[in-house]
A.B. asks: 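Right, I'll just put the structure down here and ask away after.
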Amino acid sequence: MMQHIILCGGSGTRLWPLSNQQTPKQMLTLFDGYSLLQLAFRRNRFACNKVMAIVNEQQAAMVKEQLEQAGASDPVCLAEPVGRNTAAAIALAAFATDPETILLITPADHLIGTPDKYAMAIETAGILAAGNYVVTIGLVPTYPETGFGYISYSGHDVLRFVEKPDRVVAEAMLAAGGFLWNSGIFCCKAGIILRELQQHAPAIYEAAAVAAAEWKNTGVLSRETMEAIPSDSIDYAVLEKSNIVKVVPTQMDWSDVGSYEALADALSRHYQYCNHQAVFIESDPHKNIVIGKDKLVALVGVDNMVVVNTDSALLIMKRGNGQDIRQLHQWVRENRPELL
């Protein structure tokens with residue numbers, strides 16, 4: 001059995017105002033009463049007998065409660081007073097685990113609609129990880145996405161990592177074949193990832209060792225100790241430099257739920273979602289998404305709309321403009337920070 005490490009970062013930017021700093025998207029119970037965090041835990045129970053969540057300290061209590069509600073017994077929450085990206089989070093988890101333990105490291109906020117294909121990929125990754133490889137899950141791309149990193153591969157061999165491409169490059173890679181989306185899910189022994197960090201990112205390794213020792217001794221991480229860890233992603237710090245990385249290609253149905261369009265698509269395809277307290281006059285309920293329960297929302301003669309009704313704000317957006325939420329979030333940060 002493996003140990004599940006759930007990375008629970010996120011600042012609630014891309015789905016504001018539905019998500020915010022206190023309740024990022026992985027905590028929203030929109031998916032048949034479950035959150036993305038709870039789905040991530042439940043999806044990996046078949047392979048993992050322990051779970052540890054790396055969380056923002058503001059969200060630690062809520063994460064622990066949701067994991068327990070989903071059936072986790074004695075979940076461990078390692079609470080970071082300040083985020084230092086995925087390399088630091090994974091280093092802390094690895095230091096807190098027996099070196100021979102295989103870690104299955106997943107984001108908390110991904111949605112996977114084909115559990116059978118996912119399970120097959122994880123089982124293969126576990127076998128490779130037992131052979132002292134660092135294994136990432138690669139997704140067969142279905143369109144020329146410019147927001148994801150790509151992996152050039154042959155079989156299980158990683159040939160190179162490709163940064164987020166522009167549209168022309170993404171289309172060329174899709175046409176050529178031999179490229180995968182980098183899912184951000186990977187698997188390795190705790191001791192192996194620490195060895196690779198020590199070799200390729202020694203500053204992160206050494207500072208994380210100090211922080212992990214502090215956590216083991218006191219049960220908490222201080223801001224000063226965390227801020228001493230250089231901030232970098234595990235991709236840049238290790239995966240792109242290591243010569244022991246393998247990949248497991250899969251065609252599973254996957255989404256990072258990174259926009260309202262993606263959320264609407266996921267809800268309509270996989271979950272019994274209804275537009276709460278919404279009425280449609282000369283509007284198609286299947287072409288609109290309304291989220292919010294506190295007041296009636298009426299759409300008259302309009303389609304392809306996203307309406308998000310929360311205590312703090314009302315968002316009305318045309319579908320297709322989801323990437324503009326970052327610009328909106330920045331405006332709110334500068335002008336109405338109390339709403340974040």
A.B. asks: Looking at Q251, I'd like to know if its CD atom is crowded, meaning that more than 12 non-hydrogen atoms belonging to other residues, nucleotides or ligands lie closer than 6.0 Å.
C.D. replies: no

A.B. asks: Is the F179 ring parallel, tilted or perpendicular to the Y150 ring (thresholds 30°, 60°)?
C.D. replies: perpendicular

A.B. asks: Return each pair, listed once, that meets ring-ring contact (aromatic ring centres under 6.0 Å, His included) where at least one residue sits in residues 212-247; pairs must be two or more places apart or across chains.
C.D. replies: none

A.B. asks: Sub-3.5 Å donor-acceptor pair from the side chain of T114 to the main-chain atoms of D253, do we have one?
C.D. replies: yes

A.B. asks: Does the N309 side chain pair with the main chain of L314, one donor and one acceptor, at a distance under 3.5 Å?
C.D. replies: no

A.B. asks: Under 3.5 Å, is there a donor-acceptor pair between the side chain of T86 and the main chain of S233?
C.D. replies: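 A pair under 3.5 Å: no.
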
A.B. asks: Distance from Y143 atom OH to T146 atom OG1, nearest 0.5 Å?
C.D. replies: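 Rounded to the nearest 0.5 Å, the OH-OG1 separation comes to 9.0 Å.
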
A.B. asks: Could I get the full list of side-chain contact (heavy atoms from CB on, under 4.5 Å) partners for N321, not counting sequence neighbours?
C.D. replies: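 side-chain contact (heavy atoms from CB on, under 4.5 Å) list for N321, sorted by chain: M317, K318, D324.
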
A.B. asks: Indicate every side-chain donor-acceptor pair of residues 122-132 with a distance under 3.5 Å to a residue at least two apart or in another chain.
C.D. replies:
residue	atom	partner	partner atom	Å
T124	OG1	M120	O	3.1
N132	OD1	K189	NZ	3.0

A.B. asks: Would you find a donor on one side and an acceptor on the other, under 3.5 Å apart, between the side chain of S242 and the backbone of V238?
C.D. replies: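 A pair under 3.5 Å: no.
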
A.B. asks: Would you kindly say whether S222 and E224 are connected by a side-chain donor-acceptor distance under 3.5 Å?
C.D. replies: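 Not at all, the side chains of S222 and E224 share no donor-acceptor pair under 3.5 Å.
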
A.B. asks: Are F161 and Y153 near enough that their ring centres are under 6.0 Å apart?
C.D. replies: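 That pair fails the under 6.0 Å test.
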
